[in-house]
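Bear in mind the structure is a predicted one, so any value in this text is a computation, not a measurement. A note on names: the letters A, B, ... follow the listed sequences, proteins ahead of strands, and every chain is numbered from 1.
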Amino acid sequence: EAGVVQSPRYKIIEKKQPVAFWCNPISGHNTLYWYRQNLGQGPELLIRYENEEAVDDSQLPKDRFSAERLKGVDSTLKIQPAELGDSAVYLCASSLEGYSAYNEQFFGPGTRLTVL
Amino acid sequence: GNSVTQMEGPVTLSEEAFLTINCTYTATGYPSLFWYVQYPGEGLQLLLKATKADDKGSNKGFEATYRKETTSFHLEKGSVQVSDSAVYFCALTPNAGKSTFGDGTTLTVKP
């Protein structure tokens with residue numbers, strides 16, 4: 001079974017440029033998460049989808065970040081314009097059922113973003 | 001809000017040494033507790049979990065017990081191998097809300 005796929009794996013851009021990350025969750029997984037992981041820290045949730053609905057986006061900086069999950073499968077996270085402080089690893093994760101304290105999250109390898 | 005505090009790293013051990021990585025948490029209610037491991041260049045993957053007080057999670061020789069009285073979920077392994085070198089994350093997931101992760105502990109095992 002294929003795992004969570006993310007692309008690109010690495011991205012270097014100049015500040016004020018736009019950037020987009022793509023995630024393909026494990027087939028059949030209804031819940032999709034985007035996390036940001038700063039260097040030396042644990043992942044922090046940006047947004048959670050249940051199917052195509054964003055059910056928790058309270059941590060998403062909506063002035064510059066946007067996300068979509070069309071048809072409840074693939075998802076794209078966009079930053080426009082990027083700032084120096086956005087340099088981080090962006091992780092996508094998925095889980096089989098709806099949010100639950102018991103569910104394991106399956107993580108992709110992440111996209112490492114460097115903003116110059 | 002919820003929080004997870006992990007033992008600061010990095011941790012360097014010789015092969016076959018005993019491993020303990022401390023994890024304490026602050027949360028309301030009764031969250032589930034997890035240990036995830038991240039190998040170089042890979043995503044986080046579940047190592048073990050415990051969903052209620054006094055539960056013991058175990059996998060690949062690693063163990064952790066959910067201690068509500070001390071709000072802890074320490075990770076242990078009796079004899080580490082070079083292949084255990086990775087970053088270990090403690091996390092909690094409440095019944096409602098979002099998961100909270102610790103900052104990770106880097107383990108290096110030398111032959």
Using every non-hydrogen atom in the two residues, find where [X] and [Y] come nearest and quote the distance to one decimal.
{"X": "B/Gly41", "Y": "A/Pro109", "result": "O-CB, 4.1 Å"}
{"X": "B/Gly97", "Y": "A/Arg48", "result": "O-NH2, 4.1 Å"}
{"X": "B/Phe101", "Y": "A/Gly42", "result": "CB-CA, 4.2 Å"}

Around atom [atom1] of [X], are there more than 12 heavy atoms of other residues, nucleotides or ligands at under 6.0 Å?
{"X": "A/Glu52", "atom1": "CD", "value": "yes"}
{"X": "A/Glu14", "atom1": "CD", "value": "no"}
{"X": "B/Tyr30", "atom1": "OH", "value": "no"}
{"X": "A/Lys62", "atom1": "NZ", "value": "yes"}
{"X": "A/Leu39", "atom1": "CG", "value": "no"}
{"X": "B/Lys68", "atom1": "NZ", "value": "yes"}
{"X": "B/Glu16", "atom1": "CD", "value": "no"}

Can you tell which part of [X] gets under 4.5 Å to a heavy atom of chain B, answering side chain, backbone, both or neither?
{"X": "A/Gln37", "value": "side chain"}
{"X": "A/Asn103", "value": "backbone"}
{"X": "A/Gln6", "value": "neither"}
{"X": "A/Arg9", "value": "side chain"}

Residue part contacting chain A, namely of [X], when any heavy atom lies under 4.5 Å:
{"X": "B/Gln38", "value": "side chain"}
{"X": "B/Tyr36", "value": "side chain"}
{"X": "B/Glu42", "value": "backbone"}

(message) Do B/Lys98 and A/Tyr33 make a side-chain contact, defined as non-hydrogen atoms from C-beta onward lying under 4.5 Å apart?
(response)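 A side-chain contact is absent here, since even the closest heavy-atom pair is not under 4.5 Å.
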
(message) I want to check something: taking the side chain as every heavy atom from C-beta on, are A/Pro43 and B/Phe89 in contact at a cut-off of under 4.5 Å?
(response)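 A side-chain contact under 4.5 Å exists here.
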
(request) Go through B/Pro94, B/Gly102, B/Ala91 and name the one with the most non-hydrogen pairs under 4.5 angstrom from chain A. (result)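 Looking at each option in turn, the highest pair count goes to B/Pro94.
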
(request) Quick one: which of B/Asn95, B/Thr100, B/Thr106 has the most heavy-atom pairs under 4.5 Å with chain A, could you say? (result)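 Of B/Asn95, B/Thr100, B/Thr106, B/Asn95 has the most heavy-atom pairs under 4.5 Å with chain A.
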
(request) Could you state whether A/Leu96 and A/Leu32 fall into the same hydrophobic cluster, counting links through intermediate Ile, Leu, Val, Met, Phe, Trp or Tyr residues with side-chain heavy atoms under 4.5 angstrom apart? (result) no

(message) Grouping I, L, V, M, F, W and Y whenever their side-chain heavy atoms are under 4.5 Å apart, do A/Leu45 and A/Phe21 come out in a common cluster?
(response)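 Result: no, two separate clusters.
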
